Amino acid sequence: MRAVTWQGKRHVSVETVPDPAIIEPTDAIIKVTSTNICGSDLHLYEVLGPFMNAGDILGHEPMGIVEEVGSDTGDLRVGDRVVIPFQISCGSCLFCNDGLMTQCETTRVTEQGTGAALFGYSQLYGSVPGGQAEYLRVPQAQFTHIKVPLENPDSRYVYLSDVLPTAWQAVAYAEIPSGGTVTVLGLGPIGDMSARIAAHQGARVIGVDRVPERLARAKARGIETVNMDEVDDVGDAIRDLTGGLGTDSVIDAVGMEAHGSPLSKAMQTVVGLLPDAIARKAMSEAGLDRLGALYSAIDIVKRGGTISLSGVYGGAADPLPMLTMFDKQIRLHMGQANVKRWADDILPLLTDEDPLGVDTFATHELPLDQAPDAYDKFQRKADGMVKVILKP
């Protein structure tokens, strides 16, 4: 089969690789019909390269048709149309039963000290082959799937793999009071969808970015926007819009590669030049994130407010302004999305009325073979690229 493979820093290629096969009774094989490039894939493309191996298959946002099932896959049947959550979880352990599928005891990558295994996401999360491919082996398939109707285009449902539940959780974790205010930092796919969900739920939303196309997308849906390149200070700009208080909540949808963090960017670059074994140790023990977005969130949020972190961070010893956080009584809520916890809440919105705009959410739909160029443009924020669907 053909698959998108990691070959080095800022280097991916589409290669012919062996077809996946059933290994465990709980496995299934799906024929992938659509698969997305995620903003967090760019962390592998750039910063997290030391945890990757040449030939690793990328991608964690696929959907398709079940081609083969193992002997212990529950009610999953050949021919079912399914979306595959980005995390692999059993559905029956203590954490899955508590709605924390990202902490699944069955698939947790204990040797790395991390949570549930993820598709296509480095040694940190199990080196599981990803979904930017023609076929995908799905472990723990009895639970790691979301059945969707056979009708309607893939674009209606494919975001259930990551974007929709991640954005939904970001809003839930933000604890926005009824009729309250929220700033969304970063209007990439997760920030954009978080803004849409928060607005749909009745919040006043202010989106912050510097990319004109992303700001324009938000404005078109009635979201207030702040172009960070057009103000002297983002925090002051938000306070000017909120009576001097800041917003009740802030969603940081940027994460470890925030702009405006030149020293941390330089450190990331230096670490990226080290031999992998040394770089992995440095990243596992040091504070190497670019924290510009998080620092902005701490500044922006109203006293007593909540910051929701959905952007990926990877530093082990990042410096935080604890005095300010303590003094402002800020609440922090963070973590990867527990996809299946939120699926039943989201599915009723995936109708022809399309209140969240999923049918037109992708800016680009491309053949799988164009993935290398898409990664390059997405990383550079070129060509108005916000969300990419790849078609194997």
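Everything quoted here is computed from the prediction, not taken from an experiment. Along the sequence shown, residues are numbered consecutively beginning with 1.
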Has [X] got a side-chain atom pairing as donor or acceptor with [Y]'s backbone, closer than 3.5 angstrom?
X	Y	value
Asp209	Leu187	yes
Asn36	Cys38	no
Thr363	Val386	yes
Thr35	Gly131	yes
Lys328	Asp299	yes
Asp252	Val254	yes
Arg81	Pro149	yes
Thr107	Ile88	yes
Asn338	Met101	yes
Arg331	Gly304	yes

If you round to the nearest 0.5 Å, how far is [atom2] of [Y] from [atom1] of [X]?
X	Y	atom1	atom2	result
Ile330	Thr324	CD1	OG1	7.5 Å
Asn53	Thr5	CG	OG1	12.0 Å
Leu215	Asn227	CG	CG	5.0 Å
Tyr135	Asp19	OH	CG	6.5 Å
Thr33	Leu390	OG1	CG	12.0 Å
Leu164	Tyr159	CG	OH	9.0 Å

Check the surroundings of atom [atom1] in [X]: do more than 12 heavy atoms from other residues, nucleotides or ligands lie under 6.0 Å from it?
X	atom1	result
Asp327	CG	yes
Glu151	CD	yes
Lys219	NZ	no

Can Lys340 be said to sit on top of Phe143's aromatic six-ring, NZ or CZ under 6.0 Å from centre and within 45° of the ring axis?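 Because its charged atom sits under 6.0 Å from the ring centre and within 45° of the axis, Lys340 does stack over Phe143.
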
Validation row: [X], [Y] side chains within 4.5 angstrom (heavy atoms):
X	Y	value
Asp41	His60	yes
Leu368	Lys391	no
Ile65	Asp80	no
Met63	Val148	yes

Taking [X] first and then [Y], would you say they form a salt bridge - that is, a charged N and a carboxylate O separated by under 4.0 Å?
X	Y	value
Arg156	Asp352	yes
Arg2	Asp369	yes
Asp236	Arg239	yes

Classify the side-chain pair [X]/[Y] by whether it contains a donor and acceptor separated by less than 3.5 Å.
X	Y	result
Glu24	Thr26	no
Tyr375	Gln132	yes
Thr114	Gln112	no
Asp383	His364	yes

Residues Gln336, Tyr121; criterion side chain to side chain donor-acceptor pair (under 3.5 Å); working and verdict: CA-CA 13 Å; Gln336 294 169 352; Tyr121 215 77; over 6 Å; no

Going only through I, L, V, M, F, W and Y residues with side-chain contacts under 4.5 Å, is there a path from [X] to [Y]?
X	Y	answer
Leu42	Met52	yes
Leu118	Tyr45	yes
Leu332	Ile298	yes
Phe86	Trp6	yes
Ile23	Val78	no

Applying the side-chain contact (heavy atoms from CB on, under 4.5 Å) criterion to Thr181, which one of Ile206, Val205, Thr247 satisfies it?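 The option that passes is Thr247.
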
Check each of Asp354, Ile197, Leu356 against Leu349 using the side-chain contact (heavy atoms from CB on, under 4.5 Å) test, and report the only one that passes.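 For Leu349, the side-chain contact (heavy atoms from CB on, under 4.5 Å) check succeeds only for Leu356.
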
For residues [X] and [Y], report the shortest heavy-atom separation together with the two atoms involved.
X	Y	result
Thr73	Ala141	CG2-CB, 4.2 Å
Cys90	Cys104	N-SG, 3.3 Å
Val14	Ala371	CG2-CB, 4.3 Å
Ala170	Ser194	CB-OG, 3.8 Å
Pro165	Leu160	CG-O, 3.3 Å
Pro189	Phe361	O-CZ, 3.4 Å

Could you go through the side chain to side chain donor-acceptor pair (under 3.5 Å) check for Gln123 and Asp56 one step at a time? CA-CA 10 Å; Gln123 295 176 27; Asp56 283 351; over 6 Å; no

One pair to check against side chain to side chain donor-acceptor pair (under 3.5 Å): Glu105 and Gln103. What are the steps and the verdict? CA-CA 6 Å; Glu105 289 183 292; Gln103 310 305 320; over 6 Å; no

Hey, mind stepping through Ser161 and Ile84 against side-chain contact (heavy atoms from CB on, under 4.5 Å) and telling me if it holds? CA-CA 5 Å; Ser161 58; Ile84 304 302; 5.9 Å; no

For Val301 and Thr306, run side-chain contact (heavy atoms from CB on, under 4.5 Å): C-alpha distance rounded to whole Å, both residues' side-chain angles, the deciding distance at 0.1 Å, then the answer. CA-CA 7 Å; Val301 72; Thr306 301; 5.8 Å; no

Walk me through whether Gln142 and Asp72 qualify under side chain to side chain donor-acceptor pair (under 3.5 Å). CA-CA 7 Å; Gln142 79 286 351; Asp72 192 15; over 6 Å; no

Parallel, tilted or perpendicular: which fits the ring planes of Tyr173 and His333, with parallel below 30° and perpendicular above 60°?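 Ring orientation of Tyr173 relative to His333: parallel.
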
Please name the residue in the list Arg221, Arg217, Lys387 that meets the salt bridge (Lys or Arg N to Asp or Glu O under 4.0 Å) test with Asp192.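 Exactly one option meets the salt bridge (Lys or Arg N to Asp or Glu O under 4.0 Å) with Asp192, and it is Arg217.
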
